[in-house]
Amino acid sequence: MNVYEEISELKRDALARGIPIMQDAGMDFLTSFLDTNQVSSVLEIGTAVGYSAIMMALSSPNLTITSVERDHERYLEAVKNIKRFGLENRVTLIFQDALDIFVEEKYDLVFLDAAKGQNIRFFEKFSKNLNPNGAIITDNMDFHGLVQENEENIESKNLRSLIRKLKMYISYLEDHPNFSTTFYHIGDGISVSRKKLD
Ligand code: SAH
Ligand code: MG
């Protein structure tokens, strides 16, 4: 199998098992962002089985990635997948709840793709790990279009609460004194937040 077939298989298998990997359009956006902005280091929150980390690493030969996952089975699967693509020298996986880790290093990009209700906490925590021109990208900002949906039309209580939290995150980003954020309706919705120049 060549690398493209390996990727297709990884993707097909993840989707078949309901693992919420990044959509193609979002993935394209992210990899061109890495290229355009000459990103050389990424901190990813939410590895799942390593799909987005592998895609980023393959698209950008000098990139190093640290990725955090709290689910043990997924973490173990990601470890296997990273090896399968021979990326273990550039992708470091951490098995822990991202809210409990202590990260000292600085990164060009922080990619938030974990529990959607915790984005504000992730943002507060990991914005301290950005290089001066760094950015924070968040996935699933539209959440299958439900963020734009009327609240009464969302039947599940848990889902309503999650959407409310995502809206709070949007307001948080819009009102942030030190970051300016652009929202893109690409893939499942992506936001790019950059530090304001002082
Ligand atoms: N980035 C992946 C998809 C991630 S899915 C890709 O596109 O291929 C979201 C993952 O975040 C899930 O596997 C979930 O277990 C993990 N997650 C959720 N909250 C987390 C937390 N607080 N710390 C670490 N991982 C978390
Ligand atoms: Mg996602």
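Note that ligands are numbered from 1 as they come in the structure, with each ligand's atoms numbered from 1 the same way. For reference, positions follow the sequence shown, starting with 1. All values below were derived from every heavy atom in this structure, side-chain atoms included, with hydrogens, water molecules and symmetry-related copies excluded.
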Of all the atoms in Asn140, is at least one N, O or S atom closer to the Mg ion (ligand 2) than 2.8 Å? yes
among protein heavy atoms, the one nearest atom 18 (C) of ligand 1 is Ala115 N, 3.3 Å
By atom name, which N, O or S atom of Asp113 is the nearest to the Mg ion (ligand 2)? OD1
Start with the C-alpha distance between Tyr107 and Phe126, add both sets of side-chain angles, then the distance that settles ring-ring contact (aromatic ring centres under 6.0 Å, His included), and finish with yes or no. CA-CA 10 Å; Tyr107 298 86; Phe126 298 111; 9.0 Å; no
Backbone or side chain, does any N or O of Gly46 fall under 3.5 Å from an N or O of ligand 1? yes
Just which atoms of ligand 1 are under 4.0 Å from any heavy atom in Tyr51? 8 (O)
Ionic contact status for Arg12 with Glu5, cut-off 4.0 Å: no
Taking the six-membered ring for Trp, are Phe123 and Tyr169 parallel (under 30°), tilted (30 to 60°) or perpendicular (over 60°)? perpendicular
What protein heavy atom sits nearest atom 22 (N) of ligand 1, and how far off is it? Asp97 OD1, 3.0 Å
Protein heavy-atom partner closest to atom 9 (C) of ligand 1 - residue, atom, separation in Å: Asp113 O, 3.1 Å
Go through ligand 1 atom by atom and flag the ones less than 4.0 Å from a non-hydrogen atom of Pro20. 3 (C), 5 (S)
Using a 4.0 Å heavy-atom cut-off, say whether Asp139 meets ligand 1 through its side chain, its backbone, both or neither. neither
So, regarding Phe122 and ligand 1 (criterion: nitrogen or oxygen to nitrogen or oxygen, under 3.5 Å), is there a contact or not? no
Quick one: nearest non-hydrogen protein atom to atom 23 (N) of ligand 1, plus distance? Ala98 N, 2.8 Å
One thing to verify: whether Glu77 and Arg17 come together as a salt bridge, which I'm taking to mean a side-chain N less than 4.0 angstrom from a carboxylate O. yes
Atom 12 (C) of ligand 1: which protein heavy atom is closest, and how many Å away? Arg74 NH1, 3.2 Å
If you check every N/O/S atom of Asp139, which is the one nearest the Mg ion (ligand 2)? OD2
Any side-chain to backbone donor/acceptor pair from Asn2 onto Tyr4? Under 3.5 Å, distance only. yes
Short side-chain to backbone donor-acceptor contact, Thr36 and Phe33, under 3.5 Å: no
Do the rings of Tyr184 and Phe29 sit parallel, tilted or perpendicular, given the 30° and 60° boundaries? tilted
Can a salt bridge be assigned to the pair Glu155 and Arg160 using a cut-off of 4.0 Å between side-chain N and carboxylate O? no
Polar contact flag for Met22 and ligand 1 (N/O pairs, less than 3.5 Å): yes
Closest protein heavy atom to atom 6 (C) of ligand 1, given as residue, atom name and distance to 0.1 Å: Ser52 OG, 3.0 Å
Check whether any N, O or S atom of Asp188, backbone or side chain, sits closer than 2.8 Å to the Mg ion (ligand 2). no
Residues Leu30, Met22; criterion side chain to side chain contact (heavy atoms under 4.5 Å, CB included); working and verdict: CA-CA 10 Å; Leu30 191 55; Met22 202 170 199; 3.9 Å; yes
For Thr47 and Glu69, which I'm curious about, is there any donor-acceptor pair between the side chains at under 3.5 Å? no
Strictly under 4.0 Å, does any heavy atom of Ile45 approach an atom of ligand 1? no
Determine, for Asp100 against Arg70, whether the closest basic-nitrogen to carboxylate-oxygen distance falls under 4.0 angstrom. no
Just jot down the ligand 1 atoms closer than 4.0 angstrom to any heavy atom of Ile21, in number order. 6 (C), 7 (O), 8 (O)
Nearest-option assignment for atom 26 (C) of ligand 1, heavy atoms, candidates Gln118, Lys116, Arg70: Arg70
Give me the residue, atom name and distance of the protein heavy atom closest to atom 17 (N) of ligand 1. Ala114 CB, 3.7 Å
Who's closest to atom 16 (C) of ligand 1 heavy-atom-wise, of Gln96, Glu69, Gln23, Glu44? Glu69
Evaluate Arg90 against Leu63 for side chain to side chain contact (heavy atoms under 4.5 Å, CB included), listing each step before the verdict. CA-CA 7 Å; Arg90 292 197 290 126; Leu63 182 70; 4.2 Å; yes
Check the angle between the aromatic planes of Tyr172 and His176 and answer parallel, tilted or perpendicular using the 30° and 60° thresholds. perpendicular
